[in-house]
Amino acid sequence: MTDTPAVHAPPNTETEPCGDLCIRTLAMPADTNANGDIFGGWLLSQMDIGGGVFATKTTKSRTVTVAIEAMNFRKPVYVGDLVSVHATLVRTGRTSITVHLEAWVLRRKAVQSILVTDGNFTYVAIDDQGHPQAIAQGAATTVTA
Ligand SMILES: CC(C)(COP(=O)(O)OP(=O)(O)OC[C@H]1O[C@@H](n2cnc3c(N)ncnc32)[C@H](O)[C@@H]1OP(=O)(O)O)[C@@H](O)C(=O)NCCC(=O)NCCS
């Protein structure tokens, strides 16, 4: 019998984010849900934007998101939090890559960032017609900021 990988990955227990910083933004009042906290969909879209930036740099191609997996919302985000999205390449396929994304926040008056969400996002390299295209050999091994 083979072990099935856990859907909900254990959190990064480090006190610092893993991976490259992709985007950093401020959670604003317009991004809140009915409870007055930051809407999960807003945070997901920030992660997708950050992951897309990383995917385009990595594949040196236009990319689209094809799948989001193992998404964990671990802590709430509040208005005024500074949100940072960090990316680590975890898989390279023929036309796609999977990127582990972490969102960390620095709350107002806090000195230590905390992990709020993480998940695995898969991006496909596409041509001008929107069809999958092979990632150039070697392209997905080095990323420079
Ligand atoms: C992404 C897209 C171009 C892929 O087209 P396709 O005809 O399904 O392409 P393929 O079946 O050849 O798959 C291409 C790659 O995606 C991967 N893939 C496809 N579906 C996947 C899924 N659900 N999960 C993970 N990977 C997937 C395949 O494994 C393949 O990767 P590989 O070449 O590295 O092995 C097409 O599905 C699409 O345009 N989707 C909409 C994307 C979009 O609009 N995203 C934004 C949503 S808001």
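Throughout, numbering of the chain's residues begins at 1 and tracks the sequence. Since the model is a prediction, treat every value here as computed from it, not as a measurement. Just so you know, ligand 1 is whichever comes first in the structure, and atom 1 is the first atom listed for that ligand.
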Please list every donor-acceptor pair under 3.5 Å in which a side-chain atom of residues 124-131 meets a protein atom from a residue at least two apart or in another chain.
{"unit_1": "D127", "atom_1": "OD1", "unit_2": "Q129", "atom_2": "N", "d": "2.9"}
{"unit_1": "D127", "atom_1": "OD1", "unit_2": "G130", "atom_2": "N", "d": "3.1"}
{"unit_1": "D127", "atom_1": "OD1", "unit_2": "H131", "atom_2": "N", "d": "2.9"}

Taking salt bridge (Lys or Arg N to Asp or Glu O under 4.0 Å) as the test, write out the residues that go with R91, two or more places apart. none
Is there a donor in the side chain of D48 and an acceptor in the side chain of T65, or the other way round, less than 3.5 Å apart? yes
Tell me every residue that passes side-chain contact (heavy atoms from CB on, under 4.5 Å) with T32, counting only those two or more places apart in sequence or in another chain. I38, V79
Go through the side-chain N and O atoms of T25 and Q46 and say whether any donor and acceptor fall under 3.5 Å apart. no
Are there any protein N or O atoms under 3.5 Å from the N or O atoms of ligand 1? List them with distances, or say none.
{"unit_1": "ligand 1", "atom_1": "31 (O)", "unit_2": "S96", "atom_2": "OG", "d": "3.0"}
{"unit_1": "ligand 1", "atom_1": "33 (O)", "unit_2": "T95", "atom_2": "N", "d": "2.9"}
{"unit_1": "ligand 1", "atom_1": "33 (O)", "unit_2": "T95", "atom_2": "OG1", "d": "2.6"}
{"unit_1": "ligand 1", "atom_1": "34 (O)", "unit_2": "R94", "atom_2": "N", "d": "2.9"}
{"unit_1": "ligand 1", "atom_1": "34 (O)", "unit_2": "T95", "atom_2": "N", "d": "3.1"}
{"unit_1": "ligand 1", "atom_1": "34 (O)", "unit_2": "S96", "atom_2": "N", "d": "3.0"}
{"unit_1": "ligand 1", "atom_1": "34 (O)", "unit_2": "S96", "atom_2": "OG", "d": "2.7"}
{"unit_1": "ligand 1", "atom_1": "45 (N)", "unit_2": "T65", "atom_2": "O", "d": "2.9"}

Cationic N near anionic O, under 4.0 Å, D118 to R74: yes
